Colleague: 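I am attaching a structure below and will ask some questions about it afterwards.
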Amino acid sequence: MSRSNHPPHRRRARRSALAVGALAGAFAVTLSTLGMAQASEDPGVLARVDNPYAGADVYVNPEWSARAAAEPGGSAIADEPTGVWMDRIAAIDGVNGGMGLQDHLDEAVAQAGGQPIVFQVVIYNLPGRDCSALASNGELGATEIDRYKTEYIDVIADILREYESDANLRVSAVIEIDSLPNLITNVSPRPTATPECDTMLANGNYVEGVSYALSELGSIGNVYNYIDAGHYGWIGWDDNFGASADLFQQTATHGEATVDDVTGFIVNTANYGPTVEPYYTIDESINGTPVRQSSWVDWNRYVDNQSFAQGFRQELVSTGFNSNIGMLIDTSRNGWGGPDRPSGPGPRTDVNAYVEGSRTDGRIHAGNWCNQAGAGLGERPTAAPASGIDAYVWIKPPGESDGASSEIPNDEGKGFDRMCDPTYQGNPRNNNNPSGALGDAPLSGHWFSAQFQELLANANPPV
Ligand code: BGC
């Protein structure tokens, strides 16, 4: 398929064209015959299946797979599905001779072999991207919302629309990591505010961009939008929880977006928080002191991402999202196996000894996020693993760096964030703890062999 043949931009027209199409009716009948979907009340809009991961394979990115297989021991996991990141406009066509979006989609259709397949694409190029950090600053300046729409989202949507009628292809679109939660937690008057996040709140371009992505991609019948919802160690505190859900609701009803454009939310993308802490829960008390008051938990309502995702799902439904939304958890790097992993609960002498001895999360502080030393691969990608959870997914491809550990000049817009520098200690967002990052790290998104090796060695479940 040639990109020059893309149909002109036509999202609303396309929707109404389907309204009278015989194909639409036939497709809906086929799906409901299989018990996979209910026909929508609007006979014109194709019904999506409730959980796109159920009964489907997930696309294996051949480029990541080749890099993983080239590492010693890496072939054991090289056929796992990972996210395909559209992290700049040029990624749509392919960077440095690599695969572009259309190449990946053609390959996904080939991998499907007549069965349903989920293609996981990450939408990650907002104006003023990564406003509270530097390692993943992007190419678009804070005001470049028009370029985001016309040179990025519209182009991606036009390509995806060419595959809309493929009955086996389900596109899982992860929408804009680390954007909206920053507008709650890293803006004035909070002590963690940055001028960049204040700017993105004031100019409205995160909300505008996310709502545009939702409505454009949501108009394509086989696209399933999952909005990034941070992780338990960010949104799990009372001050952030309800306010984030409200902002997501406002964004999903801004412009032309509606809550029907949202299949669900993803938590822990590219982060390291455990899926389930097996040896302690938030409801326990030690000698009368609740776990919630331990130094590690620090009044959070959650100790892990699965309980957070399930609780936040309820909150999102109560703010107006559909009751059948599903959650994804990125389990690519949150396994925390290896020799330092506890094998049972800690001593019940006092609450801190208990939590410190129990927690499998090996970080120095739950606010640490860059190339964490000691981390391991987490649960392998799995459909419908728990109530309210559509899938465990590997969106961050293991082996790709979170950021450079020292300054590296580049033309990707990436900055140097000292949270990726192992010698750094001085960020209020992790309470001025050491960063816990590995040394000798390349730019974010670049291959980091030493980290891949550590993730393999510390995998839990083991590889
Ligand atoms: C980087 C992106 C990269 C992604 C996946 C992000 O941190 O900024 O460039 O594509 O990680 O590795």
Side-chain angles (χ1 to χ4, degrees), residues 59-68 71 77 80-96 98-101 104 120-140 148 152 156 172-179 181-182 196 226 228 230-231 234 266 268-272 328 330-334 368-372 375 377-378 381 393-405 407-421 435 437-438 441-452 454-455:
Y59 174 65
V60 177
N61 177 351
E63 294 186 324
W64 176 82
S65 183
R67 261 175 246 132
E71 293 284 339
I77 58 153
E80 293 293 347
T82 52
V84 173
W85 289 61
M86 294 291 118
D87 68 340
R88 66 199 92 157
I89 291 165
I92 302 172
D93 275 335
V95 181
N96 298 328
M99 294 170 77
L101 180 58
H104 284 293
Q120 306 180 115
V121 63
V122 182
I123 303 300
Y124 190 53
N125 201 32
L126 275 179
R129 192 175 75 188
D130 208 12
C131 67
S132 71
L134 302 168
S136 284
N137 289 164
E139 65 187 345
L140 298 181
Y148 179 75
Y152 182 71
I156 290 173
S172 170
V174 169
I175 308 293
E176 296 294 356
I177 321 304
D178 292 354
S179 57
N182 270 320
E196 291 79 9
Y226 291 92
D228 183 67
H231 51 85
W234 186 359
I266 180 165
N268 201 47
T269 308
N271 206 270
Y272 295 86
L328 303 177
D330 186 349
T331 60
S332 56
R333 307 184 301 180
N334 69 351
N368 287 353
W369 53 266
C370 196
N371 299 327
Q372 290 299 286
L377 302 166
V393 291
W394 283 9
I395 293 301
K396 177 74 182 184
E400 294 187 10
S401 173
D402 297 314
S405 48
E407 189 138 21
I408 301 177
N410 68 89
D411 59 7
E412 299 175 28
K414 308 264 170 73
F416 167 45
D417 196 303
R418 292 207 62 203
M419 287 297 282
C420 303
D421 170 355
S435 71
L438 295 169
L443 286 176
S444 65
H446 291 227
W447 193 253
F448 188 9
S449 174
Q451 190 189 29
F452 184 90
E454 211 176 75
L455 291 169

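Computed from a predicted model, the values in this text were never measured in an experiment. Scope of the values below: all heavy atoms of this structure, side chains included, with no hydrogens, waters or symmetry mates. Indexing begins at 1, ligand by ligand and atom by atom, following the structure's order.
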Colleague: Assess the side chains of Asn182 and Ser132: does a donor N or O sit below 3.5 Å from an acceptor N or O?
Modeller: yes
Colleague: Quick one: look up the protein heavy atom nearest atom 3 (C) of ligand 1 and list residue, atom name and how far away it is.
Modeller: Gly445 CA, 3.7 Å
Colleague: Nearest 0.5 Å, please: how far is OG in Ser405 from CG in Leu443?
Modeller: 10.0 Å
Colleague: Measure the OG1-OH distance between Thr82 and Tyr59 for me, rounded to the nearest 0.5 Å.
Modeller: 8.5 Å
Colleague: Polar contacts were defined as any N/O atom of the residue lying under 3.5 Å from an N/O atom of the ligand; does this apply to Asp402 and ligand 1?
Modeller: no
Colleague: With only distance considered, is Trp85 within less than 3.5 Å of ligand 1 through an N or O on each side?
Modeller: no
Colleague: Would you check whether Arg88 has a nitrogen or oxygen atom less than 3.5 angstrom from a nitrogen or oxygen atom of ligand 1?
Modeller: no
Colleague: Just how far is it from atom CE of Met419 to atom CH2 of Trp369, taken to the nearest 0.5 Å?
Modeller: 6.5 Å
Colleague: Parallel under 30°, tilted from 30 to 60°, perpendicular over 60°: which one fits the rings of Trp447 and Phe452?
Modeller: tilted
Colleague: Quick check on contacts: which atoms of ligand 1 are under 4.0 angstrom from a heavy atom of Lys396?
Modeller: 4 (C), 5 (C), 6 (C), 7 (O), 11 (O), 12 (O)
Colleague: Looking only at protein heavy atoms, identify the closest one to atom 8 (O) of ligand 1 and say how far it is in Å.
Modeller: Ser136 OG, 2.7 Å
Colleague: Would you say Lys414 and ligand 1 have an N/O pair spaced under 3.5 Å apart?
Modeller: yes
Colleague: Is any N or O atom of Ser401, backbone or side chain, closer than 3.5 Å to an N or O atom of ligand 1?
Modeller: no
Colleague: Hey, does the side chain of Trp85 reach the backbone of Ile395 with a donor-acceptor pair shorter than 3.5 angstrom?
Modeller: yes
Colleague: Got a second to check how far Met86's CE is from Leu101's CG, nearest 0.5 Å?
Modeller: 5.0 Å
Colleague: Using a 4.0 Å cutoff against the non-hydrogen atoms of Asp87, which atoms of ligand 1 qualify?
Modeller: 2 (C), 3 (C), 9 (O), 10 (O)
Colleague: With respect to atom 5 (C) of ligand 1, which of Met86, Glu412, Glu400, Arg129 exhibits the smallest heavy-atom separation?
Modeller: Glu400
